[in-house]
Amino acid sequence: MRYPFCPKCGGRLRLNENNETSKPPICTSCGFIFYKNPTAGVAVLVLRDGKVLLGKRRRGYSYEGLWCVPCGHVEWEEDVNDAATREFKEETGLTVDITSVYTVTSNYGERFIGTGFHKPAAQSVLIWYFGKIIGGQLAAGDDLEEVKFFSYSELPVLAFPTHEFVLNKLRDDHFLE
Ligand SMILES: [Zn+2]
């Protein structure tokens with residue numbers, strides 16, 4: 001349980017009788033149920049000649065020096081598709097049209113147990129879009145310091161196993177050469 005106190009009244013939160021961490025804690029004073037849900041993230045896959053656009057994470061940011069597909073969090077009240085185009089623009093300088101959803105992953109899913117990216121405490125669901133470039137100039141920004149297209153055989157060391165999983169899937173589906 002990440003939070004000991006009720007955000008409504010400051011009372012003590014407790015787990016349910018069976019101590020199940022998958023269930024929300026309950027306030028012992030006011031009965032408020034502290035629902036906790038995974039957060040939503042977005043990533044945009046832009047392909048060109050069988051290569052995918054990746055970014056190198058900037059010094060001073062988490063996972064610095066490692067590469068990933070441009071991605072980020074959906075903000076409160078933000079449309080999920082707008083979040084995808086906003087994050088991509090901030091990180092790569094490029095404007096994209098979202099063309100379709102490719103796949104969806106969760107960083108706490110069973111397939112990631114033992115990878116170091118199985119995060120029971122910071123759970124997120126990542127929506128992977130295909131995007132088509134419609135404008136802008138390729139330039140790294142925000143938490144990225146370099147952006148570049150890679151073929152599958154040239155892939156650099158990746159920051160996240162979920163990204164590795166999706167890039168493998170792209171190869172298996174013949175999008176990435
Ligand atoms: Zn309370």
Side-chain angles (χ1 to χ4, degrees), residues 1-45 54-92 95-131 140-145 157-169:
M1 190 159 67
R2 296 175 70 192
Y3 303 106
F5 299 110
C6 172
K8 282 189 84 179
C9 78
R12 178 69 62 179
L13 292 177
R14 69 160 174 81
L15 283 175
N16 48 76
E17 286 71 28
N18 300 323
N19 240 21
E20 294 161 299
T21 52
S22 62
K23 302 273 169 32
I26 301 161
C27 176
T28 52
S29 301
C30 75
F32 175 74
I33 299 172
F34 194 112
Y35 287 102
K36 36 177 198 171
N37 302 93
T39 59
V42 285
V44 182
L45 298 160
L54 301 180
K56 187 180 185 182
R57 301 181 64 86
R58 190 182 293 283
R59 276 181 77 90
Y61 284 80
S62 56
Y63 304 95
E64 68 174 46
L66 301 176
W67 293 75
C68 65
V69 175
C71 62
H73 298 280
V74 181
E75 291 179 355
W76 195 254
E77 293 189 340
E78 183 178 39
D79 180 276
V80 66
N81 299 291
D82 294 344
T85 52
R86 173 186 54 76
E87 284 288 348
F88 199 83
K89 176 77 178 176
E90 285 172 7
E91 296 189 343
T92 70
T95 307
V96 280
D97 249 355
I98 295 302
T99 54
S100 62
V101 171
Y102 176 51
T103 190
V104 179
T105 58
S106 51
N107 70 346
Y108 49 92
E110 264 180 43
R111 75 165 66 96
F112 301 116
I113 291 175
T115 61
F117 201 62
H118 175 242
K119 291 189 170 175
Q123 302 189 356
S124 64
V125 169
L126 196 50
I127 301 161
W128 298 82
Y129 292 97
F130 278 133
D142 200 23
D143 53 355
L144 299 183
E145 64 178 25
V157 180
L158 297 167
F160 313 114
T162 40
H163 291 223
E164 207 173 311
F165 169 81
V166 170
L167 294 179
N168 283 334
K169 179 174 162 58

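Indexing begins at 1, ligand by ligand and atom by atom, following the structure's order. In this text, all values refer to a predicted model and were calculated from it rather than measured experimentally.
A donor-acceptor pair under 3.5 Å links the side-chain atoms of E91 to the main chain of C71, judged by distance alone.
Taking the six-membered ring for Trp and thresholds of 30 and 60 degrees, Y63 and F160 have ring planes more than 60 degrees apart, a perpendicular arrangement.
Within the protein, the number of N/O/S atoms found under 2.8 Å from the Zn ion (ligand 1) is 4.
Both tests do not hold together for K8 against F34: distance to the six-membered ring centre under 6.0 Å, angle to the ring axis within 45°.
For R12, the side-chain hydrogen bond (donor to acceptor under 3.5 Å, both in side chains) test picks out no residue, with sequence neighbours left out.
Looking only at side-chain heavy atoms (C-beta outward), L66 and L158 stay at 4.5 Å or farther from each other.
Between T162 and S106, the shortest heavy-atom distance links the atoms CG2-O, 4.4 Å.
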